[in-house]
Amino acid sequence: MKSVYFHVTEEDTKYLSFLKPILNGKCTVRLGNTPLTLGLELILRAKEAGCTAIATSCETTLQMFLGKGKKLDDYEGSMIERHGMEILFVPPVKQLLTIPYMRHLYERYFDKYIHPERWLTIPKFEWELFDPSQVDRWMDILSSASFVSCDIETGPEGDRVITCIGFTAVRIDAASNSFTVATIVVPFTDLFNLVFVSNVLSLPVPKVFQNGKYDNAYLLRYNMPTINYAFDTMYMFHCWYSELPKTLDFITGYLLRKWEFWKDESKTTDLLQYYEYNAKDCFTTAMSLLAIFLEFPDYAIKNYLMEFPVMFPCMLTEATGILCDKKAMADNAEKMELTIAKELHELQQMVNAPGYNPNSPKQTGQLFHILGCKDIKGTGKIPQDKAGARHPLNKVIMKKIEKIRGSRKLASSYLKEDVLWNDRIYYSLNPHGTDTGRNASKESQFWCGLQIQNIPRDRKDIQVKDQFISYSGFYMGEADGEQAEARDTAYLSGDLKLIAAVEDHTKDFHGYNASSFFGIPYDRIVKSYALANGLWKHDVLDKDIRDLSKRTNHGANYNMGPDVMVDTMGIENVIRARTLLGLPQHWPLRKVCDYLLTKYAETYPVVKGAWYDKCSADVMGTGFLIGPTGWTRRCFGDPVKIKHDLNRYVAHPPQSLNAMVMNQAYRKVFHEIYLPNPQDFKLGPQIHDSIVFQYRIGRQDLAWKVKECMEIPTKVKDTFGIERTFIVPVALKGEHTRWSKLVDAKEWKQAA
DNA sequence: TGGCTCTGCGCC
DNA sequence: AAAGGGCGCAGAGCCA
């Protein structure tokens with residue numbers, strides 16, 4: 001059995017009991033935690049203790065070998081060799097307690113010593129700088145490779161240029177069960193070089209990138225599309241372990257036995273080192289892909305076939321962006337500036353502090369203190385609600401703070417002209433962004449634009465979506481799945497009452513809920529009547545109680561506790577609910593919310609009963625949650641012991657199922673509408689339940705087709721094994737040039 | 001000055 | 001003691 005000297009920190013010693021179940025019987029561990037002065041000391045101690053390998057979770061020790069400023073969390077999983085001894089860097093032992101997947105990582109990292117033979121043996125890292133006289137030799141190497149990994153480096157932010165690209169050619173020889181590797185870096189300094197790069201990318205050889213949507217966005221600017229971009233290590237790793245990090249350095253530490261963190265080398269000013277850094281990125285991407293091939297489980301392949309193709313419509317829509325009405329933006333900005341100036345002045349006078357900044361948590365905390373609310377922690381919306389409830393004067397102040405913060409948030413996040421490029425708002429959409437398979441969004445890779453999934457929805461005083469307009473000759477459209485997650489929850493759980501509620505077209509879902517939860521006749525909450533065309537219209541009579549049931553439904557769905565519900569509803573709303581429902585006036589607010597949640601549980605008993613139990617049992621029993629589409633999440637958390645883990649695992653199935661169906665829809669819209677009609681259709685972002693798009697004026701048919709593409713029949717087996725097929729209905733809007741002004745399709749005039 | 005963490009808050 | 005899911009970004013404040 002391998003004998004490992006494990007050097008830990010003083011802090012780590014408190015958590016050593018967590019190590020035992022992980023390493024017992026697999027390797028002999030000799031522990032040490034006395035401080036060192038020299039790296040060599042560690043080697044000697046290890047040898048004295050009869051160990052043949054070293055592991056350490058100590059950052060100071062790391063720095064002793066690799067220099068000041070080096071960070072342990074960068075080097076986790078890295079292995080170096082000194083004086084003939086291997087040294088492995090592992091995360092702080094405490095994280096076995098605080099990070100759900102850490103046990104898995106510890107097992108993985110120590111396996112580098114326990115079963116070294118199981119790990120991919122990688123060749124020595126070598127690379128060449130592009131030399132025009134070697135073009136033919138390199139074209140031979142690259143074109144005969146089994147796959148080529150590619151990675152670009154980009155210049156300073158605003159330039160939006162590529163500085164160089166690296167290629168690693170891997171040729172697998174199945175007969176001898178071996179492979180050869182060759183890496184080249186091509187600087188983007190000469191047209192000749194660019195032609196070579198373009199030729200390489202045009203080769204039919206499969207390409208692999210690490211998050212290649214970024215690289216390809218830049219390559220497309222140079223008119224260098226990649227042919228056969230088939231693999232992506234970031235997507236593959238996400239499909240394998242959606243809960244784990246997926247940066248290249250992490251993946252490398254996870255997959256390659258002996259490799260040293262190199263990501264800090266990108267900051268070099270030495271050009272040759274810079275190219276070498278690029279070469280390392282390529283080399284590690286290629287080696288990581290090989291390592292993934294060795295272990296990639298069937299479920300991950302299945303996930304990859306669902307997830308990776310979504311990258312292509314995302315790449316298209318990222319390059320399209322949305323046109324911005326600069327005047328509308330400037331008007332909105334001015335409106336906010338005026339509000340801020342006025343409110344800030346009044347607030348500062350009110351609290352008699354001319355320099356007071358309500359956005360400062362520190363200063364606002366001091367204000368809370370002065371107002372006699374020193375027991376309230378935080379200064380956000382919920383703490384403000386609490387402080388405001390204590391005194392009418394507090395409330396006036398809190399309202400002002402809230403208003404200023406809200407206006408500033410809008411102004412600073414969404415109303416700045418400098419996010420524009422080509423008068424457009426660009427964004428990026430990342431299919432590998434979340435644990436559930438939903439897309440995440442952030443600003444464009446071209447250092448501009450916005451996160452597109454959190455644009456404020458229109459309010460009475462301001463409409464940010466006024467700024468988003470269609471291209472000349474086009475209308476905007478948006479198609480939105482209706483109560484998608486509620487439907488998914490209904491069919492996944494198999495709660496018959498919930499299924500009936502979401503499927504009853506003759507009633508408004510939240511109105512129906514309000515009636516069931518609170519025992520109020522439905523027709524006192526919503527008036528529903530049939531239209532001539534067989535559709536139903538629902539006029540809300542009692543908005544308050546309907547909103548209440550919306551909150552209850554939403555909170556209860558995610559396993560919210562009564563205290564948090566008081567916070568999110570707000571004190572006033574809970575008091576109103578107490579009155580509205582005729583509950584005893586002496587009931588504390590917590591009890592009111594408890595009552596609301598109980599009503600949900602009584603109305604839909606399967607959801608919080610058998611369904612939650614099944615989610616939990618699946619995770620405990622198999623470590624997997626498998627959705628109806630086959631999408632599989634490897635789960636490292638413990639839903640029995642840790643409530644947060646239970647919450648995320650019961651939230652996963654509906655959120656994930658919805659994401660999967662929406663991703664299928666996005667792909668369908670791309671293939672069936674955009675590709676045949678590129679002149680008449682523009683693909684916009686997918687925003688969780690909805691798809692935004694533009695269609696040429698007069699092509700209403702294309703807008704209707706989006707709705708069709710999204711209404712995908714989904715077959716679901718419920719908690720009890722009963723199978724049903726259902727469709728999430730899609731509401732269509734369009735026929736306007738402004739995102740804020742889209743018209744419900746039910747009100748469209750028929751196209752001529 | 002730049003880099004980092006924390007707090008707060010926008011959306012579904 | 002208390003425990004709502006999933007994201008990303010701006011500003012404040014602190015440190016080097």
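Relative orientation of the A/Phe237 and A/Phe250 rings is perpendicular, given thresholds of 30° and 60° on the angle between their planes. Between A/His554 and A/Tyr558, the ring-plane angle classifies as perpendicular under the 30° and 60° cut-offs. Between A/Tyr241 and A/Phe636, the ring planes are tilted. Angles from 30° to 60° get that label.
For A/Lys442, counting side-chain heavy atoms from C-beta on, the closest listed nucleotide (C/dG5, B/dT7, C/dG8) is C/dG8. Comparing C/dG8, B/dC12, C/dG13 against the side chain of A/Lys362 picks out C/dG13 as the nearest. The side chain of A/Thr434 approaches C/dG6 more closely than any other nucleotide in the set C/dA10, B/dC12, C/dG6. Here C/dG5 is the nucleotide among C/dG5, B/dC9, B/dC11 with the atom lying nearest to any side-chain atom of A/Asn647. Candidate nucleotides B/dC12, C/dG5, C/dA3 were compared by shortest atom distance to the side chain of A/Asp563, and C/dA3 ranks first. Among B/dC12, C/dA3, C/dG13, the nucleotide with an atom closest to any side-chain atom of A/Ile687 is B/dC12. Residue A/His644 has its side chain nearest to C/dG6 when only C/dA10, B/dC9, C/dG6 are considered. The side chain of A/Lys409 lies closest to C/dG8, out of B/dC12, C/dG8, C/dA12. Taking the side chain of A/Pro361 as heavy atoms from C-beta on, and the options C/dC7, C/dA12, B/dG10, the nearest nucleotide is C/dA12. When distances run from any side-chain atom of A/Thr379 to the nucleotides C/dA12, B/dG8, B/dC12, the shortest one goes to B/dG8.
Rounding to whole angstrom units, CZ of residue A/Arg648 and C1' of C/dG6 are separated by 12 Å. For the pair A/Lys246 NZ and C/dC7 P, the computed distance is 8 Å after rounding to whole Å. A/Lys71 has its NZ atom 11 Å from the C1' atom of C/dC15, to the nearest Å. Atom pair A/Asn357:CG and C/dA10:C1' shows a separation of 12 Å (rounding to whole Å applied). Rounded to an integer number of Å, the gap from A/Arg408 CZ to C/dC9 C1' is 17 Å. Taking atom CD of A/Glu243 as the reference point, atom P of C/dG5 lies 13 Å away to the nearest angstrom. In this structure, A/Asp385 places its CG atom 15 Å from C1' of B/dC9, rounding to the nearest Å. Regarding A/Gln463, its CD atom lies at a distance of 16 Å from the P atom of B/dG10, rounded to whole Å.
When heavy atoms are screened at a 4.0 angstrom cut-off, A/His652 is found touching no nucleic acid atom at all. Within the nucleic acid shown, A/Asn439 has no heavy atom closer than 4.0 Å to any nucleic acid atom. Looking at heavy-atom distances under 4.0 Å, A/Ser441 makes contact with sugar-phosphate atoms alone, never a base. Heavy atoms of A/Gly555 sit nowhere under 4.0 angstrom from any nucleic acid atom. Nucleic acid contact class of A/Ile455 (heavy atoms, under 4.0 Å, all strands): sugar-phosphate only. Using a 4.0 Å heavy-atom criterion, one finds that A/Glu443 contacts the sugar-phosphate atoms exclusively.
One cannot find a donor-acceptor pair under 3.5 Å joining the base of C/dC7 and the side-chain atoms of A/Arg438.
Taking 4.0 Å as the cut-off between side-chain N and carboxylate O, A/Arg405 and A/Glu402 do not count as a salt-bridged pair. Taking 4.0 Å as the cut-off between side-chain N and carboxylate O, A/Asp547 and A/Lys543 count as a salt-bridged pair.
Side-chain atoms of A/Gln686 come within 3.5 Å of backbone atoms of A/Met662 as a donor-acceptor pair (strictly under, hydrogens ignored).
For the pair A/Gln363 and A/Ile642, nearest-nucleotide mapping onto DNA chain C gives the more 5' position to A/Ile642.
Note on A/Arg457: a side-chain N or O is less than 4.0 Å away from OP1 or OP2 of B/dC12.
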Item to check | From CA spacing to verdict: salt bridge (Lys or Arg N to Asp or Glu O under 4.0 Å), A/Asp385, A/Lys381 | outcome: CA-CA 6 Å; A/Asp385 183 49; A/Lys381 275 195 172 161; over 6 Å; no

